[in-house]
Protein chains: 2
Amino acid sequence: MTVTPPVGDPAFEDLTARARIRDVALRLFAERGIEGATIRDIAKEAGVSAGLIRHHFGSKEGLREACDTHMLDRMMRIKEDAVLRGGMGDAGLFMSVHPTVLLGYRYFARAMVDGSPAAETTFDHMVDLGEEWLTAHGQVDTSDPRAYAAVLVAMQAGLLMMHDHVSRALGADVFTPEGSLRMIRAMVDFYSHALLSPELAAQAQAVLGQLGDQQPPTAAEPGSAGEGADDDRRDPH
Amino acid sequence: MTVTPPVGDPAFEDLTARARIRDVALRLFAERGIEGATIRDIAKEAGVSAGLIRHHFGSKEGLREACDTHMLDRMMRIKEDAVLRGGMGDAGLFMSVHPTVLLGYRYFARAMVDGSPAAETTFDHMVDLGEEWLTAHGQVDTSDPRAYAAVLVAMQAGLLMMHDHVSRALGADVFTPEGSLRMIRAMVDFYSHALLSPELAAQAQAVLGQLGDQQPPTAAEPGSAGEGADDDRRDPH
DNA sequence: GCGGGGACTATACAAGCGTATAGATTGCTG
DNA sequence: CAGCAATCTATACGCTTGTATAGTCCCCGC
């Protein structure tokens, strides 16, 4: 489950306690979520007392904000570095297997589920990037590039959240080289071919057109299907 | 944020307390996660005492299992109903806007993040279905239909987890008719066209081929990019 | 040498959690 | 009507959580 084993890495003990706490927090927040990772757990894995976390970061929220800004900074620098030394050709693919970037994606994907300002910023930024890319390489004919980009980014982030289920379905951990290769291959397949045939796509478009005119079913419509067979309802008396 | 307002729906008060608790729990679990929804919150919204939940379900884990099996049963019955009365043509599209199915998807997507046996079963089942569909309608040429299906299902479920970020990017709640229509339109666009051009796809395939031969970068390789500029490292003394 | 301040620990505290238990209420049945 | 079982509430217990505080250690400038 762990991506970067904290103890045992000789560079880890060389870090200051503050950096060690932050790195452990980044990993545990990504793995267990904000609420799931306790101050005491982080302190234990970082090899410090719980009080020291408060001393350095003020509160758990402060630690989380420090994680946010630090990881945001790291990923921005990696991204700038990548676009500087070469086009986004295979750089994007390389980045997806870069351990730091992978941790960053996992961290922010988790933060998006838990809710955090930095995660929102990251999401919006990636949607902006995707929208620009779509309009620049205008090969995808969509009438709504922003919605398209939003769906794309959300799916990508969501895929990371489901990693252990994908691993189970594949029979191989997607964070090992073999598993990740197999998953990325499937992703490339997914991105390079249309899933829906032109007939199915036209059919879906037609249904969407009808749905756009009439009123779609709202949430306040229970009992339309699959209900009424279990004894939920109280007997009238 | 709420999909089905509990109080105000005249059918809601007619339910037994047990069913009321279960329905509220399903919604709160889907919205806030298992840990995020407390027994007391559920009791409050269901209009009962916290002790009654224990009386009916034994424990929080019991309540969760009851939610799992109940929602599993509901969705299976809806699915059977759908395939019985017509092909899966636009039924799949209709189902995606069906309020009960939408709640079910949200519930299980959340349960997949939190980890639950029923969520695993649901995920695996959907992967199986997707794989069958892919091999039956063999229009997508992938060498690994299982991985393809797993990625597809994971992305779909992950998209639901990111709904408020998609809503923010779109400027409209995706659970309102307008927002959902716009998102589903983008999804149909996404599914009916290839995102990557043949050139980019070939390029990606080539990189993947190289990556398959050599050893990909492992997790234990820090400092490759974007590090070393901040004063993390302790001064030697 | 000697204050002084940052790094760090140990301990305690209030709040919220799931859970347990005792008792009140209700409705059915003999 | 008595009795019993199911339903439901009120209250408390133990645990974990984030947080607060007091105190120790150690390096560094004067």
Side-chain angles (χ1 to χ4, degrees), chain A residues 6-7 12-26 28-29 31-68 110-111 114-116 230-237, chain B residues 6-7 12-26 28-29 31-68 110-111 114-116 230-237:
Chain A
V7 184
F12 184 75
E13 280 87 5
D14 289 348
L15 295 176
T16 65
R18 189 177 199 282
R20 231 160 49 225
I21 292 169
R22 193 226 307 116
D23 285 0
V24 168
L26 275 168
L28 290 193
F29 282 160
E31 286 176 3
R32 312 178 189 174
I34 306 293
E35 300 237 344
T38 69
I39 295 277
R40 286 169 175 83
D41 285 344
I42 296 168
K44 197 175 197 176
E45 292 217 26
V48 298
S49 71
L52 189 62
I53 295 183
R54 172 172 161 79
H55 172 69
H56 277 303
F57 300 95
S59 68
K60 190 178 185 180
E61 183 59 28
L63 172 60
R64 178 223 184 87
E65 285 171 13
C67 287
D68 278 353
R110 241 308 186 180
D114 293 348
S116 110
D230 36 6
D231 51 351
D232 282 355
R233 278 155 210 296
R234 185 173 296 170
D235 294 332
H237 44 272
Chain B
V7 184
F12 184 75
E13 280 86 6
D14 289 348
L15 295 176
T16 65
R18 190 179 197 282
R20 231 160 50 224
I21 292 168
R22 193 227 305 116
D23 285 359
V24 168
L26 276 168
L28 289 193
F29 282 160
E31 285 177 3
R32 311 177 191 176
I34 306 294
E35 302 236 342
T38 70
I39 295 277
R40 287 171 174 83
D41 284 345
I42 296 168
K44 198 174 197 177
E45 292 216 25
V48 298
S49 71
L52 189 62
I53 295 183
R54 173 173 160 80
H55 171 72
H56 278 303
F57 299 96
S59 68
K60 190 179 185 181
E61 183 58 29
L63 172 59
R64 179 223 183 87
E65 284 170 14
C67 288
D68 277 354
R110 241 306 186 182
D114 293 347
S116 110
D230 36 5
D231 52 350
D232 282 357
R233 279 157 208 297
R234 184 173 299 170
D235 295 334
H237 45 272

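First the proteins, then the strands, lettered A, B, ... as listed; each starts at 1.
- Closest approach of Ala25(A) to Cys67(A), counting heavy atoms only: CB-SG, 3.7 Å.
- Between Ile34(A) atom CD1 and dG18(D) atom C1' the separation is 14 Å, expressed in whole Å.
- You'll find the side chain of Phe29(B) stays beyond 4.5 Å of the side chain of Arg110(B), heavy atoms only.
- A side-chain donor-acceptor contact under 3.5 Å links Arg20(B) to the backbone of Ala46(B).
- In this structure, the side chains of Glu65(B) and Glu61(B) come closer than 4.5 Å at one or more pairs of heavy atoms.
- With rounding to whole Å, Leu52(A) atom CG is found 11 Å from dG6(C) atom C1'.
- Closest of all the heavy-atom pairs between Ala37(A) and Arg32(A) is N-CB, 4.1 Å.
- Rounded to whole Å, atom C1' of dC17(C) lies 16 Å from atom CG of Leu28(B).
- For the pair Ala37(A) and Val48(B), nearest-nucleotide mapping onto DNA chain D gives the more 5' position to Val48(B).
- Rounded to a whole Å, the CD1 atom of Ile39(B) is 14 Å from the P atom of dT9(D).
- Checking dT9(D), dG18(C), dC8(C) against the side-chain heavy atoms of Ala17(A) singles out dC8(C) as nearest.
- Following rounding to the nearest Å, Ile21(B) (CD1) and dT7(D) (P) show an atom-to-atom distance of 11 Å.
- An OP1 or OP2 oxygen of dA6(D) is reached within less than 4.0 angstrom by no side-chain nitrogen or oxygen of His56(B).
- In this entry the distance linking NE2 of His55(B) with C1' of dT25(C) reads 13 Å, nearest Å.
- Counting heavy atoms from C-beta on, the side chains of Arg18(A) and Phe57(A) come closer than 4.5 Å.
- Closest to the Arg40(B) side chain, of the nucleotides dT9(D), dA12(D), dT9(C), is dA12(D).
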Would you tabulate the nitrogen or oxygen pairs shorter than 3.5 Å linking the protein to nucleotides 20-26 of chain D?
from    : atom 1 : to       : atom 2 : distance (Å)
dA20(D) : OP2    : Arg54(A) : NH1    : 2.2
dA20(D) : OP2    : Arg54(A) : NH2    : 2.9

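- Between Phe57(A) atom CZ and dC8(C) atom C1' there is a gap of 14 Å when expressed in whole angstrom units.
- Candidate nucleotides dG18(D), dT9(D), dT19(C) were compared by shortest atom distance to the side chain of Ser49(B), and dT9(D) ranks first.
- In this structure, the CG atom of Leu63(B) is 14 Å from the C1' atom of dT19(C), given to the nearest Å.
- Of all the heavy atoms in His56(A) and Ile21(A), the pair that sits closest is CD2-CD1, 4.4 Å.
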